[in-house]
Chemist: 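Starting off with a structure, shown below.
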Amino acid sequence: MNSMERVMAAVAFGSLDRIPVIAQVFGHAAIVAGVPLDEYIQDGEILAWCQLKALDLYGYDAVFSVMDVNVETEAMGSILNYHKDQYPTVETYALSKENNWGSLSTPDPEQAGRMPEMLKALRILRRELRDEIPVVGCVMGPLTLTTQLLGMETALYLAIDDPDRFGRLMDFATEVVIRFGVAQIGAGAHLPIVFDPSASPAVVPHQFFREVELPRLKKLFESFKQAGAAVNWLNIAGPVESILPYYTDAGVNIANFDYCVTPHVASDKLPKTCLDGNIKPLAFVESAPDQITTEADMLLKSFAGRGGFILSSGCEIPPESLQENVAAMVMTARNTR
Amino acid sequence: MDALINALLVGNGADSIAHSQRLLHAGVSVERIVIEGIEEAMTSLDEKCTVSQFNLLEIMLVGRSVTDVMNYLYPGGSLPAGSKDTVVLATMEGDIHDLGKNILKTVLMGKGYRVVDCGKDCPLQKLVDVSEKESPLAVGISGLVTSIIPLVKQVRGSLRARGLEQVKVMAGGAALKQSSAERLHVDYLAETAFDGANYLDRISGGAIP
Ligand code: B12
């Protein structure tokens, strides 16, 4: 089985030669290749090259064209602060509550900000890996983009004070990420993973997720399917237990679960959906390889009877993670039949 | 006073100000409004917000009403002399997660502390400069990404190098919470914002106001 077949079989709860393993290696690929993080997240060619290098080193089952959570908001006018060895941060948000948003238009992924670089990386990765290894792009969820356009607190207060206006901005954010995601599929992504940290129950209650985010996620995932996405993958960090039951309705095929949710709870909430998770991200920085192996082993065992599982980290593998820890997770899956 | 507490707890800023106004007109002192109104509201929020039942939006809305009332009671933002100590807060350079820091700010203000907020993505240098200027009781650092841990470890040493060894350093936030006070070289590692506020109450007990 190649990686693509293995991942698709896991999604379908089919039979497998081994459990797929996908380390969520983004900026860590730059560190592995000895490239400064700020170059990695601004240059599609460097990004693709580092991803291929990390794939060679670790031998896991997918590569990512993921920069950081600010690509869309920057393309729409937010000013970022770049740091040499860290992810960029927003200095000035594109929108303010007082602005009139009448003139907003969706950015062109071939032109705006770093979007073209992400597409470039996808073209290279797909050319090199064809259909053997899943090539994964990335967009923000509608709520995350909205909070990244206004700032988290301004956005959340607006949701309470003027829900209609907030809803219109959410709809617009949905259009932006649909256009970006479809362009990624056009450039060679097998799918764009949807990152939606602001929709985490750490931030908004699950009722808010159900009423405000779910309908837009549904639209997003439908559009990706129509554009040819192989599967739909959602990553929301934190204590997601209360929102997992909505994922089926949203059209999610692979559901990421963070370290604070147990495999038992995740399987219980989503009995028919492929899950990926959930080794604690910080463990890749602070633990030793044998601890990672034990963790990974326990995860594989807890899903042995069920299937529909991809061994992974609970969220991004931190850039500064120890290589032997990432390798330990991958090897555990590769050595288990 | 109960009406004020209720208005604060449902996050209604306009009503909260109206009730404060009424109390002032009835001759209730500003101090009593803060202690028996705002601090009371914060305490009941503390009891409600256990770690598993944490509702950020609710806290944010209460926080906004508290800020409205504080601005009404102390126009211009300056607390009168003799109020509680100063606390300097920051999220360190490279980290933009500031929801937790802002909640801490609200909780501390609600308890009558004077808070100087260095914002997010704050360089160590700025934190030390501000601390030198404000001579706070404590510095509070919020950290959600692990990559800032090396910076956090330098805070106490940098303060000491400026002769600010009396300033306590407390830390909190998802990334730092997974570590320990010793490893981070800080005086206190808080589980929640309320936990941090209670720590300050304990150490400010004997301090000069
Ligand atoms: C919302 C969120 C975001 C928002 C933040 C918006 C904002 N303005 O804050 C956005 C979308 C912008 C974001 C961006 C990123 N995020 Co983020 N995010 C989250 C999420 C889902 C929730 C965090 C949160 O706000 N919680 C709610 C607040 C209220 O809780 P809190 O901060 O813990 O605060 C409470 C207490 O801890 C305490 N407290 C906090 N600080 C302090 C300080 C003191 C002194 C005291 C006394 C108390 C105290 O008070 C609060 C109330 O009790 C977490 C997941 C999680 N489970 O935490 C990831 C998470 C923090 N993010 C993470 C990451 C990796 C990122 C990015 C780097 C992603 C990327 N690849 O680009 C970027 C960050 C860029 C940067 N340089 O910082 C990781 C960090 C992991 C790591 N190894 O470091 C997390 C843990 C997700 C994960 N599991 O991997 N994120």
Side-chain angles (χ1 to χ4, degrees), chain A residues 27-28 31 37-38 68-70 78 80-91 93 147-148 151-157 159-161 197-198 200-209 212 237-239 241-242 258-260 280-287 315-321, chain B residues 10-14 48-65 67-68 90-103 105-106 117 119-124 126 142-151 173-180 183-184 192:
Chain A
H28 177 64
I31 312 295
L37 194 55
D38 66 332
D68 47 75
V69 294
N70 309 304
S78 289
L80 304 188
N81 200 347
Y82 283 92
H83 308 267
K84 188 165 182 292
D85 292 315
Q86 283 181 341
Y87 288 116
T89 47
V90 179
E91 199 172 278
Y93 290 103
T147 62
Q148 287 287 76
M152 179 66 94
E153 278 160 56
T154 311
L156 293 181
Y157 285 136
I160 306 292
D161 296 338
S198 300
S200 170
V203 180
V204 293
H206 67 91
Q207 296 89 342
F208 187 99
F209 179 87
V212 177
E241 177 175 343
S242 59
D258 209 345
Y259 73 94
C260 33
K280 197 182 205 169
L282 189 63
F284 292 92
V285 182
E286 288 194 336
S287 297
C315 198
E316 174 182 5
I317 302 242
E320 73 273 26
S321 296
Chain B
V10 297
N12 188 329
K48 235 173 110 185
C49 291
T50 59
V51 177
S52 62
Q53 257 192 334
F54 181 82
N55 186 336
L56 177 74
L57 267 185
E58 185 176 353
I59 300 189
M60 280 177 59
L61 291 170
V62 177
R64 186 166 64 168
S65 322
T67 310
D68 289 347
T91 297
M92 304 303 292
E93 183 165 17
D95 190 354
I96 45 81
H97 297 87
D98 61 353
L99 287 171
K101 169 184 69 57
N102 295 350
I103 290 191
K105 182 175 170 179
T106 310
D117 185 357
K120 57 190 172 184
D121 208 6
C122 170
L124 179 58
K126 178 174 166 193
S142 179
L144 278 279
V145 291
T146 50
S147 52
I148 57 119
I149 288 178
L151 267 179
L176 304 185
K177 254 176 356 198
Q178 297 175 41
S179 190
S180 67
R183 269 196 281 168
L184 293 171
T192 66

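First the proteins, then the strands, lettered A, B, ... as listed; each starts at 1.
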Chemist: Quick check for you: among A:D161, A:V204, A:V285, which has the greatest number of heavy-atom pairs under 4.5 Å with chain B?
Modeler: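 When all of A:D161, A:V204, A:V285 are compared, A:D161 has the most.
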Chemist: Can you say whether A:E286 sits under 4.5 Å from chain B via the side chain, the backbone, both, or neither, judging by heavy atoms?
Modeler: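 The side chain, not the backbone.
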Chemist: Is A:N81 in contact with chain B via its backbone, its side chain, both, or neither, using a 4.5 Å heavy-atom distance?
Modeler: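 For A:N81, the contact with chain B is made by the side chain alone.
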Chemist: Could you go through B:N102 and A:E153, starting from their C-alpha distance and side-chain angles, then the distance that decides it, and tell me whether this counts as side-chain contact (heavy atoms from CB on, under 4.5 Å)?
Modeler: CA-CA 9 Å; B:N102 295 350; A:E153 278 160 56; 2.4 Å; yes
Chemist: Find the one option among B:V145, B:D121, B:D95, B:I148 whose heavy-atom pairs under 4.5 Å with chain A are most numerous.
Modeler: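 Of B:V145, B:D121, B:D95, B:I148, B:D121 has the most heavy-atom pairs under 4.5 Å with chain A.
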Chemist: Between A:P205 and B:L57, what is the shortest heavy-atom contact and its length?
Modeler: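 Result for this residue pair: CD-CD1, 3.7 Å.
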Chemist: Minimum heavy-atom separation for A:Y157 to B:M60, with atom names?
Modeler: OH-O, 2.8 Å
Chemist: Going by distance alone, is a donor N or O of one side chain under 3.5 Å from an acceptor N or O of the other, for A:E320 and B:S147?
Modeler: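 No - no donor-acceptor pair under 3.5 Å links their side chains.
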Chemist: What are the two closest heavy atoms between B:T146 and A:P318, and how far apart are they?
Modeler: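 Distance-wise, the nearest heavy atoms are OG1-CB, 4.2 Å.
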Chemist: Check whether A:N70 gets within reach of chain B through its side chain, its backbone, both or neither, counting any heavy atom under 4.5 Å.
Modeler: neither
Chemist: CG/A:L282 to CD1/B:I149 distance, rounded to the nearest 0.5 angstrom?
Modeler: 6.0 Å
Chemist: CD of A:Q86 to CD1 of B:I96: how many Å apart, nearest 0.5 Å?
Modeler: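 Between atom CD of A:Q86 and atom CD1 of B:I96 there are 11.0 Å.
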Chemist: Is chain A contacted by the side chain of B:D98, its backbone, both, or neither, given a heavy-atom distance below 4.5 Å?
Modeler: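 For B:D98, heavy atoms of backbone and side chain both lie under 4.5 Å from chain A.
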